[in-house]
Amino acid sequence: MKYFLLILFFSVEASMASAHLPGGKGTSYDFSPLAFSHPMVGTPRSQRRNFQVGNSFFRNPWVETPSSTPLRDGLGPVYNAVSCAACHIRDGRGPGLPDKAGKVLTSLLFRFKYMKSFTSFTDHPSYGGQLQPQGTSNIPSEGEAHVSFIDIKGKFADGEEYLLKKPIYKFVKLNFGVLDNKTSVSPRVAPHLVGVGLIDSISDKSILEYVDKDDANKDGISGRPNIVKSKVNLSRLVGRFGWRAEKSTLKEQNAAAFNGDIGITSVLNPVEDCPAVQDDCHSQIDEGHVELEERTLDRVTTYTKFLAVPARRNPTGLRILNGEKVFKKINCQSCHRPKFTTEFNGDQPLLSEQEIYPYSDFLLHDMGEELADVNDLGVEFFREWKTPPLWGLGLVGVVNKHQRLMHDGRARNFKEAILWHGGEAKNSRDMFINLSKKDREDLVEFLKDL
Ligand code: HEC
Ligand code: HEC
Ligand SMILES: [Ca+2]
Ligand SMILES: [Ca+2]
Ligand SMILES: [Ca+2]
């Protein structure tokens with residue numbers, strides 16, 4: 001009897017150790033509305049100062065040039081928001097969509113791809129890579145995005161009804177002509193930023209292990225890497241940041257955000273997003289000069305790199321354990337891979353060889369037509385999305401006071417997020433619909449504990 005208890009004790013302990021520490025050694029233990037804003041436990045003193053300075057550049061507004069604060073000017077000519085924190089609210093997620101039809105919120109941005117031929121896409125000739133709804137003094141903004149919703153009704157196998165709200169986007173006050181039907185529109189909401197330094201520390205090789213491009217094992221799930229060359233790490237090729245894994249390093253993701261979202265140029269992104277047809281904006285391009293000091297970009301990158309992943313709150317709760325079983329049973333983990341080990345990094349013990357639990361494979365999957373990017377006429381262009389990490393999602397409700405999920409925030413809670421899954425995830429979604437109410441709810445309890 002004693003022997004039996006001992007084994008039980010050890011196995012519970014072993015599973016607790018890993019489940020408790022999704023972000024490795026640096027996992028944090030604050031579950032308040034500031035849960036996403038802490039440096040990893042054990043962040044060295046030398047980095048704490050950079051973390052704090054980086055934090056102020058993340059949070060405080062950028063201003064127009066010329067100004068009395070040259071370290072933080074250069075806003076625009078066109079932009080989405082005046083600070084990183086305006087979208088990544090408390091380092092968490094933006095709501096993106098309003099509850100009723102109307103103007104979309106700041107934290108939702110729109111990327112454009114313009115079809116030049118059947119196989120080649122470029123930035124939009126008049127609007128560039130992204131819609132900026134704001135302009136500085138005397139510079140016209142590009143336009144505004146509005147949303148309306150179409151109801152999609154359905155039923156679980158046990159008869160319980162659900163109602164999804166499908167967003168339809170419309171652009172108004174467009175200052176440089178209509179978006180024609182060659183333009184693919186990709187809505188993206190600001191995700192929460194916990195653990196991005198750990199994601200930056202996963203080797204390409206670890207991600208490539210899960211690639212199954214042609215679905216060789218016939219489980220209906222393929223998954224391919226988004227190959228993107230990095231300018232800062234020449235051996236890095238696998239994209240992993242953003243909803244479509246379009247950036248392969250944290251520093252490049254951050255530099256692109258400065259450039260596209262705030263209008264701040266840097267050595268990595270030296271040109272303002274002002275296509276030639278935007279005369280006033282274009283005339284402000286100063287090619288000989290970049291606005292962001294390299295040191296500031298590095299500090300903001302240090303800030304994001306050390307943002308801690310909060311611990312699980314109750315990983316051994318009975319309902320949560322059942323939910324975890326259901327998660328495996330209905331194949332959620334075929335894309336939302338629980339575990340990775342980060343690569344060796346002699347300089348940063350907190351990022352080095354850490355066993356982490358992001359619940360993602362960082363690969364692109366066909367997610368079905370309902371989630372696809374479309375043009376003005378609703379014709380589909382791209383339907384692949386990166387599996388997003390699930391860690392920290394259970395605290396979005398506490399930090400951001402909403403539980404909107406998916407790439408544009410269309411899901412109002414976890415249940416809806418699963419119901420929006422299609423394409424390669426259709427089997428999992430159908431199995432979810434067929435679960436008993438208790439298993440469905442336990443699965444959600446598990447997700448809320450991540
Ligand atoms: C207008 C809103 C907005 C602003 C301002 C903004 N972001 Fe983002 N951020 C986003 C969106 C949307 C994404 C997803 C991008 C995509 O899918 O391409 C994102 C993604 C990211 C990611 C990748 C997260 C992941 O896990 O994939 C990082 C890191 C990031 N932003 C950092 C920053 C920093 C640093 C700043 C300030 C320089 C900033 N962001 C400003 C909206 C914003
Ligand atoms: C084929 C791969 C795949 C499978 C299987 C899959 N997912 Fe996903 N999941 C994704 C992708 C890709 C997205 C992002 C789609 C989007 O935003 O449009 C996503 C998004 C999510 C989100 C929202 C994340 C966020 O940051 O907003 C949750 C929650 C989620 N999945 C849970 C589940 C659960 C639970 C299951 C099992 C029922 C499951 N997923 C099965 C690929 C998958
Ligand atoms: Ca600028
Ligand atoms: Ca633009
Ligand atoms: Ca497969």
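Order of appearance sets the numbers: ligands from 1, and atoms from 1 within every ligand. Keep in mind it's a predicted model, so treat the numbers as computed, not measured. Along the sequence shown, residues carry numbers from 1.
Rounding to 10 degrees, one finds that the Ca ion (ligand 4) sits at the corner of an angle of 80° between Gln130 O and Glu142 OE1.
Ring pair His365/Trp385: centre-to-centre distance not below 6.0 Å. A ring-centre distance under 6.0 Å is not found for Tyr210 and Phe362. Under the 6.0 Å cut-off for aromatic ring centres, Tyr127 and Phe110 do not qualify, their centroids lying 6.0 Å or more apart.
Counting atoms of ligand 2 from 1 in the listed order, those under 4.0 Å from a heavy atom of Asn331 are 5 (C). Residue-ligand proximity, Ile418 to ligand 2, at heavy-atom distances under 4.0 Å covers atoms 35 (C), 38 (C). Each of the following atoms of ligand 2 lies closer than 4.0 Å to a heavy atom of Glu424: 1 (C).
Not close to ligand 2: Arg404, with no non-hydrogen atom less than 4.0 angstrom away. Between Arg93 and ligand 2 there is a heavy-atom distance shorter than 4.0 Å. The closest approach between any non-hydrogen atom of Trp243 and ligand 2 is below 4.0 Å.
The distance from the Ca ion (ligand 4) to the nearest N/O/S atom of Gln132 is under 3.0 Å. Among the backbone and side-chain atoms of Ile221, an N/O/S atom is found under 3.0 Å from the Ca ion (ligand 5). For the Ca ion (ligand 5), the set of nearby N, O or S atoms under 3.0 Å includes one belonging to Asn217.
Partner of Gln130 under the side-chain hydrogen bond (donor to acceptor under 3.5 Å, both in side chains) criterion, chosen from Asp273, Asp123, Asn259, Asp261: Asp261.
Under a 3.5 Å cut-off, the side chain of Ser67 and the backbone N or O of Val63 do not form any donor-acceptor pair. With hydrogens and angles ignored, the 3.5 Å screen pairs no side-chain donor or acceptor of Arg224 with any backbone N or O of Lys213. A donor-acceptor pair under 3.5 Å links the side-chain atoms of Glu424 to the main chain of Asp366, judged by distance alone. A donor-acceptor distance shorter than 3.5 angstrom exists from the side chain of Asn375 to the backbone of Asn181, with no hydrogens or angles considered.
Within a 6.0 Å sphere centred on NZ of Lys251, heavy atoms belonging to other residues, nucleotides or ligands number more than 12. Under a cut-off of 6.0 angstrom, the local environment of NZ in Lys166 is crowded, with over 12 non-hydrogen atoms contributed by other residues, nucleotides or ligands.
Looking at atom 2 (C) of ligand 2, its nearest protein heavy atom turns out to be Cys335 SG, 1.9 Å. Looking only at heavy atoms of the protein, atom 6 (C) of ligand 2 is closest to His421 CD2, 3.4 Å. Looking only at heavy atoms of the protein, atom 13 (C) of ligand 2 is closest to Pro388 CD, 3.1 Å. The shortest contact between atom 34 (C) of ligand 2 and any protein heavy atom is with Cys332 SG, 3.4 Å. Distance from atom 32 (C) of ligand 2 to its nearest protein heavy atom, with residue and atom name: His336 NE2, 3.7 Å. Ranking protein heavy atoms by distance to atom 17 (O) of ligand 2, first place goes to His407 N, 2.7 Å.
The backbone and the side chain of Leu405 each have at least one atom closer than 4.0 Å to an atom of ligand 2 (non-hydrogen atoms only). Proximity of Met367 to ligand 2, defined as any heavy-atom pair under 4.0 Å, is confined to the side chain (atoms from C-beta onward). The proximity of Leu390 to ligand 2, defined as any non-hydrogen pair under 4.0 Å, is limited to the side chain. At a heavy-atom cutoff of 4.0 Å, ligand 2 is contacted by the backbone of Lys386 but not by its side chain. When non-hydrogen atoms are compared, ligand 2 lies under 4.0 Å from the side chain of Leu393 (C-beta onward) but not from its backbone.
Ring pair His336/His421 is tilted by interplanar angle, where 30° to 60° counts as tilted. The aromatic rings of Trp62 and Phe258 sit perpendicular, their planes meeting at an angle over 60°, well past the 30° parallel limit. In this pair, Phe58 and Tyr303 present their aromatic rings tilted. The plane angle is within the 30 to 60° band.
A side-chain N or O of Asn254 and one of Thr301 form a donor-acceptor pair less than 3.5 Å apart. Donor-acceptor pairing under 3.5 Å is recorded for the side chains of Ser230 and Glu252.
Closest N/O/S atom of Asp212 to the Ca ion (ligand 5): OD2. Considering just the N/O/S atoms of Asp215, the one nearest the Ca ion (ligand 5) carries the name OD1. Atom OD1 is the N, O or S atom of Asp219 at the shortest distance from the Ca ion (ligand 5).
Distances between N or O atoms of Met406 and those of ligand 2 include at least one value under 3.5 Å.
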